[in-house]
Amino acid sequence: MIQNSKQHDIDPADLRRKEKAAFAQLVNQNSDHIYRLGLKMLGNPQDAEDILQETFIKAYHHIDGFEGRSKLSTWLYRIAVNEALMLLRKRKGSVTHLDAGIEMENGDVLPHQIIDWCCLPEKELLSSESRQKIQEAVQTLSDANRAAFLLRDVEGLSTRETADVLDISESAVKVRLMRARLQLREELTVFFANRIVKENP
Amino acid sequence: MTHQHSLACKDILKNLSDFIDGDLDQGLCAEIEAHIENCHDCQVVVNTLKKTIHLVQVDGQETHLPTDARQRLFAKLDLDTYVEPDQ
């Protein structure tokens, strides 16, 4: 999560006056987080860097649009998510992701795989091959579900803050988060179940 | 391997996210805990779901902006003189 205690040190008025030191502080405090969000949204470092640069360029030029109702970090996340979604739409054209798993009538994903892989040692769960799979699994999520999941579970925003960033209701955040979490669980269960079988043929 | 869902398990599922986030009221939370204690499948789903979130978080926390990308960012923003060492 972005260090909110440090956020108080930046006076938005200094940013509006285009004071370089204040802006540099904003960049230093938030660049890691914005980069990570871009990387996990887009799936590659070059796009993540583009999103990062674009986010701070927009923030610099549009600081007057920051009304102070949210934290500066939330405002930056909003710019970054919009940039990421725009890039994804441009890339994919009309291609849309289908949520994996079994969907209930109301669109909820039901757990399908019931295998307990928690017993696998942490070393194996976080091996380089496992990490690769974890990162790929995040990319299988729909763009909307992935954004909600990353903001809540990776960046540590509250449901309210996530709703603000995505401009949706809190209940919509919860639905997307739930679908994302369950789908990731399915993906990782299939992967780790195979590891258990390999270990105990 | 396929979970047959009883109504009770479906009810658990509806509240699963709030349950693991600790966002449920005490009564409902206790009911779910009681169900999970006696339902192996739900137990597995809860445990593997928590583990899934944990793994993605660990992987994410270890992602940092590379030094060269940080320098390019500050150069692009005309803030070269303010670039700090890695956070």
Side-chain angles (χ1 to χ4, degrees), chain A residues 20-21 23-25 27-29 31-37 39-40 45 48-49 52-53 56-57 60 102 104 108-118 120 122 125-126 130-131 134-135 137-138 149-150 152-156 159 174-175 177-178 181-182 184-189 192-193, chain B residues 1-6 9-21 23-24 39-87:
Chain A
K20 281 195 165 192
F23 196 66
Q25 194 182 351
V27 178
N28 267 319
Q29 284 177 6
S31 54
D32 255 5
H33 300 273
I34 298 299
Y35 176 77
R36 177 168 63 195
L37 182 72
L39 185 63
K40 303 291 176 191
E49 198 175 332
L52 177 71
Q53 294 187 356
F56 284 109
I57 289 169
Y60 184 80
I102 303 167
M104 288 164 79
D108 284 340
V109 181
L110 278 182
H112 185 56
Q113 303 287 341
I114 308 293
I115 299 154
D116 194 356
W117 45 269
C118 292
L120 283 167
E122 190 89 349
L125 292 172
L126 285 166
S130 301
R131 280 169 191 267
I134 292 165
Q135 288 159 15
V138 171
F149 172 79
L150 292 173
R152 277 287 283 119
D153 280 347
V154 179
E155 297 307 320
T159 304
K174 288 189 174 201
V175 169
L177 179 65
M178 175 74 170
R181 285 170 163 181
L182 285 174
L184 289 173
R185 195 202 71 88
E186 292 290 316
E187 295 272 340
L188 294 193
T189 297
F192 288 122
Chain B
M1 218 186 260
T2 305
H3 190 175
Q4 296 300 315
H5 293 273
S6 70
C9 292
K10 272 191 190 174
D11 291 337
I12 303 298
L13 191 65
K14 256 193 295 191
N15 296 295
L16 203 52
S17 241
D18 283 339
F19 175 70
I20 63 171
D21 288 340
D23 283 347
L24 290 181
C39 179
H40 171 261
D41 285 359
C42 281
Q43 216 169 76
V44 170
V45 171
V46 169
N47 290 341
T48 50
L49 189 59
K50 283 185 186 168
K51 200 74 169 181
T52 295
I53 296 166
H54 167 73
L55 292 177
V56 183
Q57 282 171 341
V58 171
D59 179 63
Q61 278 155 11
E62 290 169 11
T63 303
H64 299 285
L65 175 61
T67 308
D68 53 345
R70 181 184 298 278
Q71 281 164 352
R72 283 193 292 273
L73 172 67
F74 277 78
K76 183 99 180 172
L77 299 170
D78 198 17
L79 293 169
D80 305 62
T81 47
Y82 294 94
V83 67
E84 280 182 12
D86 291 351
Q87 300 291 292

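Per chain, numbering begins at 1; letters A, B, ... match sequence-line order. Note that these values count all heavy atoms, side chains included, but never hydrogens, waters or copies made by symmetry. Keep in mind that this is a model prediction, so the values were computed, not measured.
- With B:V45 as reference, A:I114 is the one residue of A:I114, A:T189, A:D116 to meet the side chain to side chain contact (heavy atoms under 4.5 Å, CB included) rule.
- Contact of A:L39 with chain B is made through the side chain alone, with heavy-atom distances under 4.5 Å.
- One finds the NZ atom of B:K51 at 12.0 Å from the CG atom of A:L188 (value rounded to the nearest 0.5 Å).
- How far OH of A:Y60 is from CG of B:L77: 9.5 Å, rounded to the nearest 0.5 Å.
- Rounding to the nearest 0.5 Å gives a distance of 10.5 Å between CD of A:E155 and CD of B:Q57.
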Q) Yes or no on side-chain contact (heavy atoms from CB on, under 4.5 Å) for B:S17 and A:K174, after CA distance, side-chain angles and deciding distance? A) CA-CA 8 Å; B:S17 241; A:K174 288 189 174 201; over 6 Å; no
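- With a threshold of 4.5 angstrom between heavy atoms, A:F56 approaches chain B through its backbone and through its side chain.
- With a 4.5 angstrom heavy-atom cutoff, B:I53 touches chain A only via side-chain atoms.
- The line from CZ of A:F192 to CG of B:L55 is 5.5 Å long, rounded to the nearest 0.5 Å.
- Taking NZ of B:K76 as the start and CG of A:L52 as the end, the distance is 11.0 Å to the nearest 0.5 Å.
- Both the backbone and the side chain of B:L49 come within less than 4.5 Å of a heavy atom of chain A.
- Both the backbone and the side chain of A:I57 come within contact range of chain B, with heavy atoms under 4.5 Å apart.
- Looking at every heavy atom in both residues, A:K40 comes nearest to B:G60 through CE-CA, 4.2 Å.
- With rounding to the nearest 0.5 Å, the separation of CZ in A:R36 from CG in B:L65 is 11.5 Å.
- Checking B:T48 against A:R185 by side-chain atom types alone, a donor-acceptor pair falls below 3.5 Å.
- With respect to chain A, the highest number of heavy-atom pairs below 4.5 Å among B:T81, B:I20, B:D21, B:D23 belongs to B:D21.
- Both the backbone and the side chain of A:Q53 come within contact range of chain B, each with at least one heavy atom under 4.5 Å from a heavy atom of that chain.
- Contact of the B:V56 side chain with the A:D153 side chain is not registered, since no non-hydrogen atoms from C-beta on lie closer than 4.5 Å.
- In this structure, chain B has heavy atoms under 4.5 Å from both the backbone and the side chain of A:K20.
- Both the backbone and the side chain of A:L184 come within less than 4.5 Å of a heavy atom of chain B.
- Of the listed residues B:L73, B:T63, B:L16, the one with more heavy-atom pairs under 4.5 angstrom with chain A than any other is B:L73.
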Q | Working for side-chain contact (heavy atoms from CB on, under 4.5 Å), residues B:L13 and A:M178 | A | CA-CA 9 Å; B:L13 191 65; A:M178 175 74 170; 4.2 Å; yes
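- Interface remark: B:E62 contributes side-chain atoms only to the contact with chain A (heavy atom separation under 4.5 Å).
- Minimum heavy-atom separation, A:A21 to B:Y82: CA-CE2, 3.6 Å.
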